[in-house]
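Proteins get letters first, then strands, A, B, ... in listed order; numbering begins at 1 in each. As the structure is a computational prediction, the values presented were derived from the model and not from experiment.
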Protein chains: 2
Amino acid sequence: MKADGQKFISCTRIAEGLDLDPTSVRKDLAFTGIIGRPRIGYDLVELMEAIATFLGWRKSKEAFLVGAGDLGRALMGYQGFREHGLEIIAAFDKDPALIGQQIHGKEVLDVTSLSDLISRMGIFIGIIVTPAAVAQEVADTMVAGGIEAIWNFAPVRLVVPDTVIVENVELSASLSVLSSRLSDARKAPTEQ
Amino acid sequence: MKADGQKFISCTRIAEGLDLDPTSVRKDLAFTGIIGRPRIGYDLVELMEAIATFLGWRKSKEAFLVGAGDLGRALMGYQGFREHGLEIIAAFDKDPALIGQQIHGKEVLDVTSLSDLISRMGIFIGIIVTPAAVAQEVADTMVAGGIEAIWNFAPVRLVVPDTVIVENVELSASLSVLSSRLSDARKAPTEQ
DNA sequence: TAGATTGTTAATCGATTAACAATC
DNA sequence: TAGATTGTTAATCGATTAACAATC
């Protein structure tokens, strides 16, 4: 809409686009601190900025990624995370064949240096993209180095001190939701 | 626990492990139709089976994946989806350099044949792992072929007939949650 | 038997929705 | 002015939690 030259957006329109109740949208937007204008709506640029700030996109966040497999590569190559303030500084792996190589312009380092580099460089976000079997071990290493938050893609519930934030990405859970909805739809094909 | 030779599991224990209320666990498990035994708990194998069936893991689901980039490769290589009944039959791409190649033992086909193959092979799940710009186009092609459900990894809200199920994986949303929790934790370091 | 656990009803809590005055 | 929209209070709805009899 910004590209279309629009200056304002009403919660009515947002609600339509997202299939939500307009009141919900107003309540949620109120959290960002933005103030709209009756009859007009919200200033588009101001709203985008308010949301970005509220979600912490404006704070640049350096991160280390562990596990230089396909998924690790995919995350390193995705440009969209930049807009959210995330910068993946380096990848770590234990495979000697990978160490020293470059992936999407970032070096792959030896995982034995992970903890040390986290504390020395003051990195506070760790991304775990390893097989499940070693995820806890990697998490422990990150915690030892002083990590503050872990973005975990391994299908494991990590055990960490509760000062450390863990955000799990559960692809299998998403697949299960799809799978379950598909079963439901077939049971009651008339509805939905 | 099954590997440890345990035969029964109580919702009390499940609740502890997942940090939930035991009553919530009982209510949720009731949905699967399982019946527990007072004092004993639920039969472990029976429970695993009930959950698997409820979530549709027992129905094998053939899928086509579109977009043979890093993320597409990662999904094709991940064995865990098999346990949930998903089998990725083939990948599709428009890049001539990729077409004809094998990825994790599966062939990469020309995306121009996607719609035709979906209908001829009776495939009902499509996985979109393309750049955002072409995701809607791919979705349209899938719908034209008669797809029933789309697992969408592209950061786009797909527009499809409401008979088609769309399950979005929003990695950026997950990152935003992490980002936001990190901001909150720093505002109120005493709590949490 | 005593005590742990299930299944279920009732109470609480919070989120969503409805309603509406204020505003431009 | 009329009407669309915001901000906010009140009502509704559903999910979570508490309570407890039944059971093994």
Rounding to a whole Å, what distance do you find between [X]:[atom1] and [N]:[atom2]?
| X | N | atom1 | atom2 | value |
| --- | --- | --- | --- | --- |
| F31(B) | dT6(C) | CZ | P | 18 Å |
| I35(A) | dC24(C) | CD1 | C1' | 15 Å |
| I9(B) | dT5(C) | CD1 | P | 10 Å |
| Y42(B) | dT23(D) | OH | P | 16 Å |
| I14(B) | dT6(C) | CD1 | C1' | 12 Å |
| I34(B) | dT5(C) | CD1 | C1' | 14 Å |
| L44(A) | dT5(D) | CG | P | 15 Å |
| F8(B) | dC24(D) | CZ | P | 13 Å |

Could you work out which one of [options] sits closest to the side chain of [X]?
| X | options | answer |
| --- | --- | --- |
| D21(A) | dA18(C), dT6(D), dT6(C) | dA18(C) |
| R39(B) | dC24(C), dC24(D), dT6(C) | dC24(D) |
| S24(A) | dT17(D), dT6(C), dT16(C) | dT16(C) |
| P38(B) | dT5(C), dG7(C), dG7(D) | dT5(C) |
| K27(B) | dT8(D), dT16(D), dT6(C) | dT16(D) |

- Message: Over all strands shown, is R26(A) touching base, sugar-phosphate only, or nothing at heavy-atom distances under 4.0 angstrom?
- Response: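 Contact class for R26(A): base.
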
- Item | Mutual orientation of the aromatic rings belonging to W57(A) and H84(A) [parallel < 30°, tilted 30-60°, perpendicular > 60°] |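 If you compare the ring of W57(A) with that of H84(A), the planes turn out parallel.
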
- Task: Enter the distance from Q101(A):CD to D95(A):CG here, rounded to the nearest 0.5 Å.
- Result: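 So the gap between those two atoms works out to 8.5 Å.
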
- How long is the span from the CG atom in L29(A) to the OG atom in S24(A), to the nearest 0.5 Å?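 Here the rounded value is 10.5 Å.
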
- Item | Nearest-nucleotide 5' precedence on DNA chain C, R13(B) against A30(B) |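 Its nearest nucleotide lies further toward 5', so the answer is R13(B).
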
- Query: OP1, OP2 of dA4(C) versus side-chain N and O of S10(B): anything below 4.0 Å?
  - Reply: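 It does not, given that no N or O in the side chain of S10(B) lies less than 4.0 Å from OP1 or OP2 of dA4(C).
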
- Do the two ring centres, one from F92(B) and one from F64(B), sit under 6.0 Å apart?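 Ring-ring flag for F92(B)/F64(B): true, centres closer than 6.0 Å.
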
- Just one of L114(A), V134(A), I147(A) clears the side-chain contact (heavy atoms from CB on, under 4.5 Å) bar with T141(A), so which one?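 The passing option is L114(A).
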
- Kindly check if the number of other-residue, nucleotide or ligand heavy atoms within 6.0 Å of NZ (K94(A)) is above 12?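 For K94(A), atom NZ is not crowded (no more than 12 foreign heavy atoms under 6.0 Å).
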
- Message: Please convert DNA chain D into dot-bracket. A pair counts if it is Watson-Crick or G-U wobble with both distances under 3.5 Å; crossing pairs go in [ ] and bases paired with another strand get |.
- Response: ..||||||||||||||||||||||

- Ion pair check, E167(B) and R181(A), cut-off under 4.0 Å: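 A salt bridge links E167(B) with R181(A).
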
- Between T23(B) and I40(B), name the one whose nearest nucleotide on DNA chain D is closer to the 5' end.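 The residue mapped nearer the 5' terminus is T23(B).
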
